[in-house]
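Input: a single structure, listed below in structure tokens.
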2 protein chains.
Amino acid sequence: MGKTLKKEKDGGTKDKILHAAIEEFVAYGYYGARTQKIADRAKVNKALLHYYFSSKEKIYEEALKTIFEVIMTKLGALTNEPDDPVEMMEMIIDAYAEIFQTHSQYLKLIMYEVIRGGDKLAVLFKENLLRIPMNPINGKIYLYFKKKMKEGKIRKMNIFHLLISLIVQVVPVYFAREVLGDKAKLFGISGVVLNTFVKERKLVTLEVMKNGVLKK
Amino acid sequence: MGKTLKKEKDGGTKDKILHAAIEEFVAYGYYGARTQKIADRAKVNKALLHYYFSSKEKIYEEALKTIFEVIMTKLGALTNEPDDPVEMMEMIIDAYAEIFQTHSQYLKLIMYEVIRGGDKLAVLFKENLLRIPMNPINGKIYLYFKKKMKEGKIRKMNIFHLLISLIVQVVPVYFAREVLGDKAKLFGISGVVLNTFVKERKLVTLEVMKNGVLKK
DNA sequence: ATATAGTTTAACCATTTGGTTAAATTATAC
DNA sequence: GTATAATTTAACCAAATGGTTAAACTATAT
């Protein structure tokens, strides 16, 4: 017998535990997270963690999987293909901005896992390679810029360099604002100034990429 | 009575512990690092950790301080001021590349601390603000680009945006190679290909910045 | 109403952990 | 040679930790 109707209906204790785990891992990382704290956040007995997941490590893997799903779903929703490559770049920036606005804590856990060596992320990426819109085989975004390059609208270059240059000019700033935003006050930078700076980043990035990548 | 001659001469047990601690913190983060493991790495009795440093947290703070010093010293060594801004950008990229080549593990711990909220880094930055070459008060790099902007060689823009656009196009790739380099093989990317890609990054970055930032 | 399956809990366990201390050892000062 | 200070160690400690289990509770099937 599978899940009871009761559990199906309200999303289940397992999901509660999983989201509580995400919160705890985001805050303290794998080693710093405490199983009792996860249970506390989920308002369940600690033994339940091991009932639904076999171990702390399993919970961590499922947590990463959940985050990965959310991000892939959002990025995969990019379907429009504007004629103007700058417009496409803007859409990509907006997609990332929206992800890190809505799920800002997720990036923390991803970066944490990267720092740990990315074993689990590598597995996820490998298993889901063809879902990543930047993959060179069937990734919509990759193929879009390849086409634009063929049309002579973009300089000849490795498309990965283009994508990296685009994304890294924006993502770290969104990330830094989220993670270090409260530290800005130490340096006399108000929240308003910081938000303005982040907004400017998008414009500067598009400008740099427009001049730096497009053919004239 | 201060340190004995013996201790002064060979750099001391305290330094041995500190460097062992850096290794352990880099590998496992603050929560994952074990004091017994630090003692093992330093080949000393665990009690000595608390003899020289009052607590694990203190060791961690000293470790970050040590890393911060190394990076500030290297960045501070940038003194040349070439007439061509692209040349200056290249020097900056090379400086970062050299830091992450020589002390690649340091960036891991810095990123780890950023993810933790950066409390300790914020204090370090605040205490050493005027030593950071990008600080707007007396930072050589900041003032250099300000001057070039005045000379009309660079478009009018927030210099921080310029510096961020420059640095983030390169640093994450050096970082990723270091941290995830061994994962590349999972995706059919050899070490040679990866290193070539990283080298190309510098060229692409300079090209993007040259076209995207300089005035024509 | 009863049997069975799934879920949940209180209590427990062995191990790990950061930190401490008295004693021993080594270095230094005189 | 001796007294003192610094350094180092083995042994220890209380608390925390991930994980387990028997029993109780709830949901479902008949």
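In the text below, chain A, chain B and the rest are named by the order of the sequence lines, each starting its count at 1.
Atom OH in Y30(A) sits roughly 12 Å away from atom C1' in dT17(D) (whole-Å rounding). Rounded to whole angstrom, the span from the CG atom of L48(A) across to the P atom of dT20(D) amounts to 14 Å. One can place CD1 of I17(A) at 11 Å from C1' of dT7(C), the figure rounded to the nearest angstrom. We find that CG of D40(B) is positioned 14 Å from C1' of dT17(C), with the value rounded to whole Å. For the pair I59(A) CD1 and dG19(D) C1', the interatomic distance rounds to 11 Å; values are reported in whole Å. Note: CG (L49(B)) to C1' (dG18(C)) measures 10 Å, nearest angstrom. Taking atom CD1 of I38(A) as the reference point, atom P of dG19(D) lies 10 Å away to the nearest angstrom. dG18(C) atom C1' lies 14 Å from atom OH of Y31(B), rounded to whole Å.
Of the charged side-chain nitrogens involved, none lies within less than 4.0 Å of a carboxylate oxygen, so that E69(A) and K74(A) do not count as a salt-bridged pair.
For Y52(A), the side-chain atoms get nearest to dT8(C) when compared with the rest of dT8(D), dT20(D), dT8(C). Side-chain atoms of K46(A) lie closest to dG18(D) of the nucleotides dT20(D), dG18(D), dT7(D). Counting only heavy atoms from C-beta on, R34(B) has its side chain closest to dG18(C) among dT7(D), dT8(C), dG18(C). Closest to the side chain of V44(B), out of dG18(D), dT9(D), dT8(C), is dT9(D). Distances were taken from every side-chain heavy atom of Y51(A) (C-beta onward) to each of dT20(C), dT21(D), dT8(C); the shortest belongs to dT8(C). Of the listed nucleotides (dT20(D), dT7(C), dG19(D)), dG19(D) has the atom at the smallest distance from the side chain of S55(A). In this structure, of dT7(D), dG18(D), dT21(D), it is dT21(D) that holds the atom nearest to the side chain of A47(A).
Of the N and O atoms on the side chains of R201(A) and S165(B), at least one donor lies less than 3.5 Å from an acceptor on the other residue.
Taking 4.0 angstrom as the limit, H50(B) places none of its side-chain polar atoms (N or O) nearer than this to OP1 or OP2 of dT20(C). In this model, the phosphate group of dT7(D) is not approached by any side-chain N or O of T13(B) to a distance below 4.0 Å at OP1 or OP2.
Nearest-nucleotide assignment on DNA chain D puts the 5′-proximal partner with G32(A), out of G32(A) and N45(A).
The side-chain tip of R116(A) points at the ring of Y30(A) from less than 6.0 angstrom away and within 45° of straight on.
Among the atoms of the strands shown, only primed sugar atoms or phosphate atoms (P, OP1, OP2) are found under 4.0 Å from some heavy atom of A33(A).
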Output, in order, the C-alpha distance, side-chain angles, deciding distance and verdict of side-chain hydrogen bond (donor to acceptor under 3.5 Å, both in side chains) for E200(A) and T196(A). CA-CA 6 Å; E200(A) 283 171 1; T196(A) 300; over 6 Å; no
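Using cut-offs of 30° and 60° for the angle between ring planes, the Y112(B) and Y60(B) rings count as perpendicular.
Judged by distance alone, with hydrogens and angles left aside, K56(B) brings no side-chain donor or acceptor close enough to the base of dG19(C) to form a pair under 3.5 Å.
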